[in-house]
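Just below is one structure, and these are the notes that go with it.
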Amino acid sequence: MNKGEYTLQRESEFAWRIDPTGKMRVPGVVYADESLIEGMDDKVFEQLANVASLPGIVQAAYAMPDAHWGYGFPIGGVAAFDPDEGGVVSAGGVGFDISCGVRCLRTGLTVDDIEPHKKKLADQLYKHIPVGVGSTGRIHLNDKGMQGMLRGGARWAVEQGFGNPEDLEHIEERGCMAGADPAEVSDRARKRQQDEMGTLGSGNHYLEVQRVAEIYDRNTAAAFGLQVDDVVIFIHCGSRGLGHQIGTEFLKYMVLAASQHKIELPDRELACAPINSELGQAYLGAMRAGINCALANRQIITHLTREVFADVLPKADLTLLFDVSHNTCKVEAHRVQGGERKLYVHRKGATRAFGPGHPEIPETLRAVGQPVLIGGSMGTESHVLVGTEQGADLSFHSACHGAGRAMSRHQASKQWRGRSLVDELAERGIQIRSPSMRGVAEEAPGAYKDVRAVVDAAEKAGLARKVARLEPHVCVKG
DNA sequence: ATGTAC
């Protein structure tokens, strides 16, 4: 199939390859069905080819089934770099919302428990959890608090009384990203964050109360503690102003660094620095502090959610299934051409998906594999998947992260009215609360790809296996 | 994603 100036070779029903041309060092590989490929903007393939031309890239540049056009790297993109081969780290390859991710909580409730209380639940969650552009919370960090948060992540949040130590076992990195260097986080980034802890933010961020609508894999669902009609909560948000400020600042520095290190950038947005350089290390230190910010943020929001449930539905017991980020660069051991190497894996709008037995998965889940949390668009379904063993060879253990946009925000806001969407969804039993009706219009379900097609493609490509489908009942929307 | 432009 031809997409723009690129020719895609069909490797299998769900895998497509762009052979290296021009400055590409490795192939580009896209996991998707034919219809998803057809729907992808030509820009996705151009961006994938650009990523494949960066120094030190290993094996291939990958795009997940939900891939769409992003800043420099495609969203839904995965690229691993070897520091010993001149590999780079890129702020645009992580994304501006550092460690944006999803956390899933079980509630111990069934849909019958919440049905009579949905409006109150929606109102109270909306009242209690700050949401929207520039939203601030009740937490105001001084210098010491900021330092503790940037180093400690969710562990810091638990020490401050937000949640309990058991939560930490079910968060990537056990809630605390090692190697964070707060000294690399600018005063401006700190200032932007000091009143924003425990806030959802805007755009596609949300907190959703959902019902388990269907189980695909009974054994894994049992291991995850999920059954049909159970109520679960998805929290989708990131590192707010802090992550954005870090991304913005380092992007500028990386444009200069790339030129100093004689790295040819096919696109300025791919600005990067060698991993083994002062700036590369500084970014990694700052980015890891950003990861801790996002982990702490989701931990505090969890605490606020527990407070609301204790009030509205006191028999609820909110326990953490898992917390996984989808905008990161992480050092991981991967087998490449027979040998094991330490690679810097960029996942931008892509979820880590470790298979069964992986040492970094919490012990209680290790036998089955890592939960892969896929947030659908507002008013549509979400999915829980599980990592596979073959994911190691397919995508450095990565899968999709959501439905993926099919239409720009601008286009969506012209096509839908927020108020009517909220009313239509309410008629279908879905309570939406949002400070921005324009935001709701931009996030219209119709502006996204079909999430079921995305997870089906991820499963059939072997990236992850479907476990459960979730349908929304209450959504607090950024 | 984002004090939706510094």
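Quick note on labels: first sequence line is chain A, next is B, and so on, each numbered from 1.
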| task | Check every strand shown and say whether A:E196 touches a base, only sugar-phosphate, or nothing at a heavy-atom separation below 4.0 Å. | result | sugar-phosphate
| Rounded interatomic separation in angstrom, taking CD from A:E443 and P from B:dT2 | 11 Å
| query | To the nearest angstrom, how far is A:Q193 atom CD from B:dT2 atom C1'? | reply | 12 Å
| query | Centroid-to-centroid, A:F81 to A:Y344, below 6.0 Å? | reply | no
| note | note: A:L200, atom CG; B:dT2, atom P; distance rounded to Å ~ 10 Å
| Roughly, in whole Å, what's the span from CZ in A:R188 to C1' in B:dC6? | 7 Å
| query | Rounded to the Å, how far apart are A:L242 CG and B:dT2 C1'? | reply | 12 Å
| Given the rule in the salt bridge (Lys or Arg N to Asp or Glu O under 4.0 Å) test, do A:E442 and A:R405 qualify, once you have shown the distances and angles that lead to the verdict? | CA-CA 10 Å; A:E442 288 176 353; A:R405 288 202 83 88; over 6 Å; no
| said: Please classify the nucleic acid contact of A:G201 as base, sugar-phosphate, or nothing, using heavy-atom distances under 4.0 Å. | reply: sugar-phosphate
| message | Distance check needed: B:dT2 P versus A:I98 CD1, whole Å only. | response | 12 Å
| task | Check whether any side-chain N or O of A:S202 sits under 4.0 Å from OP1 or OP2 of B:dT2, and answer yes or no. | result | yes
| request: Determine: side-chain N/O of A:R409 to OP1/OP2 of B:dT4, distance under 4.0 Å, yes or no. | output: no
| Sugar-phosphate only, base, or nothing, as touched by A:G238 at under 4.0 Å among non-hydrogen atoms | nothing
| query | Could you state the NE2-P distance from A:H244 to B:dA5, rounded to the nearest angstrom? | reply | 10 Å
| said: Would you call the rings of A:Y253 and A:F250 parallel, tilted or perpendicular, taking 30° and 60° as the class edges? | reply: perpendicular
| query | Roughly how many Å is it from CG in A:N297 to C1' in B:dT2, rounded to a whole number? | reply | 14 Å
| task | State whether a side-chain donor-acceptor pair under 3.5 Å links A:R103 with A:T302. | result | yes
